[in-house]
> 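Here it is, the structure, as structure tokens.
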Amino acid sequence: MTSIEQAAPVTNNFLRTIIDEDLKSGKHAGIVTRFPPEPNGYLHIGHAKSICINFGLARDFGGRCHLRFDDTNPAKEEQEYIDSIKENVRWLGFDWGEHLHYASDNFEQLYCWAVYLIKQGKAYVEDLNAEQIRAYRGTLTEAGTESPYRTRSVEENLDLFGRMRAGEFPDGSRVLRAKIDMAAPNINLRDPVLYRIIHAPHPHVGDAWKIYPMYDFAHGQTDAIEEITHSICTLEFESHKPLYEWFLDNLPVPARPRQYEFARLNLTYTVMSKRKLQELVQLGIVSGWDDPRMPTLVGIRRRGYTPDAVRAFCEMIGVGRSDSWIDVAILEECVRADLNDSAPRAMAVLRPIKLVIDNYPAGQTEEFQASNHPQKPEMGSRSINFSRELWIDSDDFMEVPSKGFHRLTVGGEVKLRCGYIITCTGVVKDSEGAILELHGDYDPASREGIHTADGRKVKGVIHWVSAVHAITAEVRLFDRLFSDPNPDRGGADYKQFLNPNSVETLSDCKLEASLAGAETETRYQFERQGYFRLDPKDTRPGTPVFNRIVTLRDVWTKK
RNA sequence: AGGGGUAUAGCCAAACGGUAAGGCAACGGCCUCUGACGCCGUCAUCUCUUGGUUCGAAUCCAGGUACCCCUGCCA
């Protein structure tokens, strides 16, 4: 466990309480959980919460956690997603060991159990089409009516179901239904569909099957087969729980798992639904599922977020049963906390403006040692070059300073971080009045500290880069994808809340020379600006592209 | 409207009949060669609401109110 996670409070929650009691009472000798994604899309930060809960609980209570693909619908599932999900879970730092499972591994057993139900008179083959089934189901306030096929004989049901499996019937022509209660107030109990016919290849079992079990008929039984003790899912499955238990009660399952539900993660300034995420990709609003602004794990990862930070975030937000919206600022804080600790510092000028040190000899060069981390000498130092012409950030100069501004102004002085104190002596402008370059003088005696020769303390410290030594890079400044905290909020089209400035590409940034050796896996703090990381996809030899992971906190500009 | 849930600070969240943890944010102050980091302090007489039980209630009881989920051959 890393320091940032230790710093996160481990608060009690209802799941821990339940597990504690189950262990104490001897109901279970150990716990087994599972993360059960359907491989029909890419994982997002909401899934990370579930992953951390399931794997985290298993870790904390000395149990195990399975990775299980809930692959019961081949019409939507693909191998690509299976691979991506496995990689994401690993990236987050979790290990399922021997326990990689697929619901489809149990298709034969599930089929046998369906036959068992038919023989018990508890399931029947339905000939009504989807629309008719819907009409027969009734409404929230009115009971449904029983299907005319509900009373078929066991023999006929067995025959028909066998022929469904054999592929004799086209998609949609028949389904297998449980015979429960068409008048049940819980609609999930009104003779739910158990199997449907789908003539499509399955990513894991190929074309062995023509019928596939529904989620409800697969999940609980699969939990039982895997001997899951605590089957943890999100709140919307709560109304399925009676069905989950009905199958466990009516089938000779080998174990008795129990379902518990928690509130899914909602994050401000983003959208999380698969449909909307997909739309952002398809409409070209983002560059892909791994666009650094996306809440997908592939996106977050490309952006440069660390798995430690994501885990700390999941720990910090807790687990409850009430619908909640987590402020994305908390995620950003977790990233800062982690990176502040681990990121080597460097200097980079994003919006360069030239500063000529007139009293510094032309052609002369000096090398200064700069610490890689102010609080961690063990992270070493690097040398940075100083020369007559420098780049500084245009944000750090104001011709007419606003109140409280203590960076560079004409006639003002400022400390060049790890360098000299300089005084700005003048501004050169073009005919339009745009600033071409700044001129200044340096104090040769001011290398150490921030005090001037006459003992005054310089208020401002700015970053800079030597012009002749600098390397040029593209830097992408990412911001929140939406400008509204809740773009998902009812009614209105979420796309109207898109933040037009969610990415700003700066193509002529000047970085200190040491960054020529930057590695993709290293996150850097560009001092006074934020945390950055080489884009793993668009960086080319000699033409670095940096992504801004997150800014530094900035109480000054906030005021 | 039938069923199932949930309400504790700006946002999360603990508490299990014994006198409202913690985190994030915010606000003061200190420190600082990053307006970063760090450090110190402040931040619910009160738990959606109205009654009741009790020596004692966020916790128990009764009635309200608000919000979320459920009418896929999706998961």
Side-chain angles (χ1 to χ4, degrees), chain A residues 7-13 17 36-38 40 70-73 75-76 126 129-130 133-135 137-144 171-177 184-190 192-198 212 214-216 218-219 233-242 261 263 268 274 315-327 329-330 333-334 336-337 340-341 345 347 370-371 373-375 404-407 415-419 421 446-451 457-463 485 525-530 551-559:
Chain A
V10 178
T11 65
N12 198 23
N13 63 52
T17 302
E38 182 189 17
N40 69 343
D70 229 335
D71 53 352
T72 56
N73 186 357
K76 297 185 173 178
E126 173 67 272
N129 63 34
I133 289 177
R134 194 180 316 123
R137 187 148 35 222
T139 69
L140 293 177
T141 52
E142 299 161 298
D171 288 10
S173 59
R174 279 178 237 265
V175 292
L176 183 73
R177 292 231 254 172
N186 180 341
I187 292 177
N188 293 306
L189 261 17
R190 319 241 263 231
V193 172
L194 267 30
Y195 270 91
R196 69 303 211 185
I197 299 168
I198 302 175
Y212 292 89
M214 297 287 288
Y215 162 85
D216 285 310
H219 205 92
C233 61
T234 44
L235 250 25
E236 64 269 26
F237 290 98
E238 201 160 16
S239 58
H240 291 247
K241 193 170 183 169
E261 313 85 16
T268 57
K274 204 165 286 174
E315 205 65 56
M316 188 176 281
I317 60 177
V319 190
R321 285 176 59 84
S322 56
D323 295 316
S324 58
W325 283 87
I326 305 292
D327 192 331
I330 292 183
E333 265 310 299
C334 288
R336 287 191 188 103
N340 176 55
D341 235 39
R345 317 281 127 129
M347 291 201 282
S371 170
H373 189 117
Q375 284 82 35
F405 183 81
H406 52 240
R407 279 110 83 174
K415 171 79 178 183
L416 295 178
R417 168 122 248 236
C418 303
I421 291 174
S446 64
R447 270 282 289 123
E448 299 300 322
I450 53 167
H451 291 271
K457 200 169 169 180
V458 173
K459 277 184 299 196
V461 178
I462 66 171
H463 59 276
Q525 184 195 95
F526 289 175
E527 293 208 23
R528 306 205 310 127
Q529 307 193 85
T551 62
L552 249 32
R553 283 188 74 208
D554 182 359
V555 298
W556 160 247
T557 54
K558 265 207 262 191
K559 282 180 181 171

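Since the model is a prediction, treat every value here as computed from it, not as a measurement. Below, read A as the first sequence line, B as the second, and so on, with proteins coming before strands; counting in each chain starts at 1. For the numbers below, each heavy atom of this structure counts, side chains included, while hydrogens, waters and symmetry mates do not.
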> Could you tell me if the side chain of V175(A) sits less than 4.5 Å from the side chain of M214(A), heavy atoms only?
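Side-chain contact under 4.5 Å: no.
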
> List for me each residue that meets side-chain hydrogen bond (donor to acceptor under 3.5 Å, both in side chains) alongside R321(A), sequence neighbours excluded, and say none if there are none.
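R321(A) satisfies side-chain hydrogen bond (donor to acceptor under 3.5 Å, both in side chains) with E238(A), E261(A) only.
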
> Between C48(B) and A66(B), how far apart are the two P atoms, rounded to whole Å?
16 Å

> Output all residues satisfying side chain to side chain contact (heavy atoms under 4.5 Å, CB included) with V319(A), sequence neighbours left out; order by chain, then residue number.
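Per chain and number, V319(A) pairs via side chain to side chain contact (heavy atoms under 4.5 Å, CB included) with N13(A), F14(A), L15(A), I53(A), F262(A).
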
> What pairs with H219(A) under ring-ring contact (aromatic ring centres under 6.0 Å, His included), at least two apart in sequence or on another chain?
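ring-ring contact (aromatic ring centres under 6.0 Å, His included) list for H219(A), sorted by chain: Y215(A).
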
> Roughly how many Å apart are G63(B) and U53(B), using the C1' atom of each and rounding to a whole number?
15 Å

> For the C1' atoms, the ones on A57(B) and on A15(B), what distance do you get once it is rounded to whole angstrom?
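So the two C1' atoms sit 13 Å from each other.
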
> What does the B/S/- profile of nucleotides 32-41 of chain B look like, 5' to 3', with a 4.0 Å heavy-atom cutoff to protein?
-BBBBB----

> In the 5'-to-3' direction, what one-character label does each nucleotide of nucleotides 14-20 of chain B receive under the scheme B = base within less than 4.0 Å of a protein heavy atom, S = sugar-phosphate only, - = no such atom?
SSB----

> Under the rule for side chain to side chain contact (heavy atoms under 4.5 Å, CB included), what residues qualify as partners of P242(A), not counting sequence neighbours?
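P242(A) satisfies side chain to side chain contact (heavy atoms under 4.5 Å, CB included) with N186(A), L189(A) only.
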
> Send over the distance from I330(A) CD1 to G10(B) P, rounded to a whole Å.
15 Å

> What's the shortest heavy-atom distance between E38(A) and D70(A), and which atoms?
CG-O, 3.4 Å

> Among all residues two or more places apart in sequence or in another chain, which pass the side-chain hydrogen bond (donor to acceptor under 3.5 Å, both in side chains) test with S239(A)?
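side-chain hydrogen bond (donor to acceptor under 3.5 Å, both in side chains) list for S239(A), sorted by chain: N188(A).
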
> Is G72(B) in the syn range, within 90° of 0, or in the anti range?
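Syn conformation for G72(B).
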
> Using the side-chain hydrogen bond (donor to acceptor under 3.5 Å, both in side chains) criterion, which residues pair with N12(A)? Sequence neighbours excluded.
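If we apply the side-chain hydrogen bond (donor to acceptor under 3.5 Å, both in side chains) test to N12(A), skipping adjacent residues, the hits are T17(A).
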
> Tell me, please, which residues at least two apart from T551(A) pass side-chain hydrogen bond (donor to acceptor under 3.5 Å, both in side chains).
R336(A)

> If the C1' atom of C60(B) is compared with that of G22(B), how far apart are they to the nearest Å?
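About 27 Å, rounded to a whole number of Å.
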
> I'd like the C1' distance from C70(B) over to A1(B), given in whole Å.
14 Å

> Could you tell me whether E527(A) and R417(A) make a salt bridge, using a distance below 4.0 angstrom between a side-chain N and a carboxylate O?
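Yes, E527(A) and R417(A) are salt-bridged.
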
> Roughly how many Å is it from CH2 in W325(A) to C1' in A7(B), rounded to a whole number?
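That distance rounds to 18 Å.
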
> Give one of base, sugar-phosphate or nothing for S322(A), where a contact means two heavy atoms less than 4.0 Å apart.
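The residue S322(A) makes sugar-phosphate contact but no base contact.
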
> Distance between the P atoms of A44(B) and A21(B), in whole angstroms?
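Result for the P pair: 10 Å, nearest Å.
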
> Tell me: CD of E142(A) to P of G2(B), nearest whole Å?
12 Å

> With sequence neighbours left out, write down each residue that passes side chain to side chain contact (heavy atoms under 4.5 Å, CB included) with E236(A), or none if nothing qualifies.
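Residues passing side chain to side chain contact (heavy atoms under 4.5 Å, CB included) with E236(A): T234(A), R264(A).
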
> Where along nucleotides 65-75 of chain B does protein come under 4.0 Å, by heavy atom, of base (B) or sugar-phosphate alone (S), with - for untouched nucleotides?
---SSBBSBSB

> Taking only Watson-Crick and G-U wobble pairs with both distances under 3.5 Å, what dot-bracket line describes RNA chain B, where [ ] shows pairs that cross earlier ones and | shows pairs with another strand?
.((((((..(((.....[...))).(((((.......))))).....(((((..]....))))))))))).....

